[in-house]
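Everything below concerns the one structure shown next.
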Amino acid sequence: MWQRIQTLYLGISTALIFSMFFCTFATIIGPGGAEATIAYREKLPYLVLMVMLITAHIAATASFKAFFLQARVAMIAGLLAFGFQIWLGIDMLMNLKTMSFSLTALFPLTAGVLDFMAAKRSLVDEMTIQAVKSTRKTRKNRNR
């Protein structure tokens, strides 16, 4: 399972999204220098998207024997990650003056890129296997 590069990409992507459960999204600096932090798990839409992403990543990693299925699930996970990044970006733009945002707000973008790289590698592997099978079949028919 861990012999293919797409599994590594999906593993890193899963780790990035999983780490967001324990990270802070933003810090609000109030009057008098008082600080309040907001975690990703405190906002229900973020929590739901993170659970969906973790589920998609686990499904993509578990389907390592079915390359086309793995590629499709990785693409869906990538699209979810980009949607999550857009949502975070809109929240950042709306609260830019009142909040200081964490670097972890870019994790969904990184995870999305890794998901699409994994999907590409899965498709390349499947096409390579199909080409080898086709070549073997052609050679068998010529030898008859």
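Quick caveat, the model's predicted, so the values are computed rather than measured.
With a 6.0 Å radius and a threshold of 12 heavy atoms from other residues, nucleotides or ligands, Phe18 has its CZ atom at or below the threshold.
Cluster note: Leu10 groups with no other residue, as no ILVMFWY side-chain heavy atom lies under 4.5 Å from it.
Note on residues 14-32: no pairs pass side chain to side chain donor-acceptor pair (under 3.5 Å), not counting sequence neighbours. The salt bridge (charged side-chain N to carboxylate O under 4.0 Å, His left out) pairs that include a residue from residues 82-92 are Lys43-Asp91, where partners are two or more places apart or lie in different chains.
Remark: Ser102 pairs with Thr104 by the side chain to side chain donor-acceptor pair (under 3.5 Å) rule, at least two apart or across chains. Glu42 is linked by a side chain to side chain donor-acceptor pair (under 3.5 Å) to nothing, counting only residues two or more places apart in sequence or in another chain. Remark: Leu123 engages Phe68, Ala71, Met75, Met127 in a side-chain contact (heavy atoms from CB on, under 4.5 Å) (not counting sequence neighbours). Residues satisfying the side-chain contact (heavy atoms from CB on, under 4.5 Å) test with Met99, not counting sequence neighbours, are Ala26, Ile28, Ile38, Asn95, Phe101. With sequence neighbours excluded, the residues forming a ring-ring contact (aromatic ring centres under 6.0 Å, His included) with Tyr40 are Phe25, listed by chain and number. Under the rule for a side-chain contact (heavy atoms from CB on, under 4.5 Å), the partners of Ile90 that lie at least two apart in sequence or sit in another chain are Ile86, Met94. Take Ile129 and apply the side-chain contact (heavy atoms from CB on, under 4.5 Å) test, not counting sequence neighbours, and it matches Phe67, Lys133. The ring-ring contact (aromatic ring centres under 6.0 Å, His included) search around Phe84 returns Tyr46, not counting sequence neighbours.
Of all heavy-atom pairs between Ala111 and Leu16, the closest is N-CD1, 4.3 Å. Scanning both residues, Leu88 and Pro108, for their nearest heavy atoms gives CD1-CG, 3.7 Å. When all heavy atoms are compared, the tightest approach of Phe82 to Gly112 is CZ-C, 3.7 Å. Closest approach of Gln70 to Thr7, counting heavy atoms only: NE2-OG1, 4.5 Å. The two residues Arg41 and Met50 make their nearest non-hydrogen contact at N-CE, 4.1 Å. For the pair Val73 and Ala56, the tightest heavy-atom approach, listed with the atom from each and the gap, is CG1-O, 3.4 Å.
Follow the hydrophobic side-chain contacts under 4.5 Å out from Met52 and you reach Leu109 in the same cluster. In the hydrophobic cluster analysis, where Ile, Leu, Val, Met, Phe, Trp and Tyr join through side-chain heavy atoms closer than 4.5 angstrom, Ile76 is grouped apart from Leu69. Put simply, Leu53 and Leu8 are part of the same group of oily side chains (I, L, V, M, F, W, Y) that touch within less than 4.5 Å, one to the next. The cluster map of Ile, Leu, Val, Met, Phe, Trp and Tyr, joined by side-chain heavy atoms under 4.5 Å apart, puts Met92 and Leu103 in different clusters. Under the 4.5 Å side-chain heavy-atom criterion for ILVMFWY residues, a single connected hydrophobic cluster contains both Val51 and Met20.
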Output a table of donor-acceptor pairs, distance under 3.5 Å, between side-chain atoms of residues 113-120 and any protein atom two or more places apart or on a different chain; print 'none' if there are none.
unit_1	atom_1	unit_2	atom_2	d
Asp115	OD1	Ser13	OG	3.0
Asp115	OD1	His57	NE2	2.8
Asp115	OD2	His57	NE2	2.9
Asp115	OD2	Gly78	N	3.4

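Taken to the nearest 0.5 Å, the CD1 atom of Ile17 stands 9.5 Å off from the CG atom of Leu49.
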